[in-house]
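Below: one structure, written as structure tokens.
These numbers were taken from a predicted model, which means no experiment stands behind them.
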Amino acid sequence: CYIVLASFVLVLISLFINISAVRLLVFYIGALSGLGIAIWFSVGQISGLRQCPDLLNIPLCFGSGILFVLIIIFGSIKTRK
């Protein structure tokens, strides 16, 4: 959970960086590493090898995966404009 939090923090920090190339680098490092971790633990949850914490009977690794996908989609739309 702390590694996923660090990925969210990197995405948040990227909002405050003024240099465009560095901002994109920090954003995509945070977003893609978080997505990779979420996919890793989601596959483990589905296969029964790992147990993710859950909220309302929904594993949080699924939720973080969905959030990182949305962050990447909206972040890529923003960088095109």
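- Val69 is linked by a side chain to side chain contact (heavy atoms under 4.5 Å, CB included) to Leu35, Ile73, counting only residues two or more places apart in sequence or in another chain.
- Linking Ile, Leu, Val, Met, Phe, Trp and Tyr residues whenever their side-chain heavy atoms come within less than 4.5 Å leaves Leu15 and Ile77 in two separate clusters.
- Note on Tyr28 and Ile66: same hydrophobic cluster, where clusters join Ile, Leu, Val, Met, Phe, Trp and Tyr whose side-chain heavy atoms are under 4.5 Å apart, directly or indirectly.
- Here the straight-line distance linking atom CG of Leu5 with atom CD1 of Ile37 works out to 11.0 Å at 0.5 Å rounding.
- The distance from the CG atom of Leu10 to the CD1 atom of Ile17 is 8.5 Å, given to the nearest 0.5 Å.
- Leu24 is not connected to Ile19 by any chain of hydrophobic side-chain contacts under 4.5 Å among Ile, Leu, Val, Met, Phe, Trp and Tyr, and they are in different clusters.
- The ring pair (Phe, Tyr, Trp, His ring centres under 6.0 Å) pairs that include a residue from residues 37-61 number zero, where partners must be two or more places apart or lie in different chains.
- Considering only residues two or more places apart in sequence or on other chains, Ser42 meets the side chain to side chain contact (heavy atoms under 4.5 Å, CB included) condition with Cys61, Phe62.
- For Val11, the side chain to side chain contact (heavy atoms under 4.5 Å, CB included) test picks out Phe27, Ala31, Ile71, with sequence neighbours left out.
- Counting heavy atoms from C-beta on, the side chains of Ile58 and Leu55 never come closer than 4.5 Å.
- Here the closest non-hydrogen pair linking Ser7 and Ser33 is OG-OG, 3.1 Å.
- A heavy-atom distance below 4.5 Å is not found between the side chains of Cys52 and Leu60.
- Leu25 is linked by a side chain to side chain contact (heavy atoms under 4.5 Å, CB included) to Ile29, counting only residues two or more places apart in sequence or in another chain.
- Listed by chain and number, the residues in a side chain to side chain donor-acceptor pair (under 3.5 Å) with Ser14 amount to none (sequence neighbours excluded).
- Applying the side-chain hydrogen bond (donor to acceptor under 3.5 Å, both in side chains) test to every pair with at least one member in residues 48-67, sequence neighbours left out, gives no pairs at all.
- Applying the ring pair (Phe, Tyr, Trp, His ring centres under 6.0 Å) rule to Phe8 yields the partners Phe68; only residues at least two apart in sequence or on another chain are considered.
- Under the 4.5 Å side-chain contact rule for hydrophobic residues, Phe74 and Leu32 share a cluster.
- Side-chain heavy atoms closer than 4.5 Å link hydrophobic residues (I, L, V, M, F, W, Y) into clusters, and following such links, possibly through other members, connects Val43 to Ile3.
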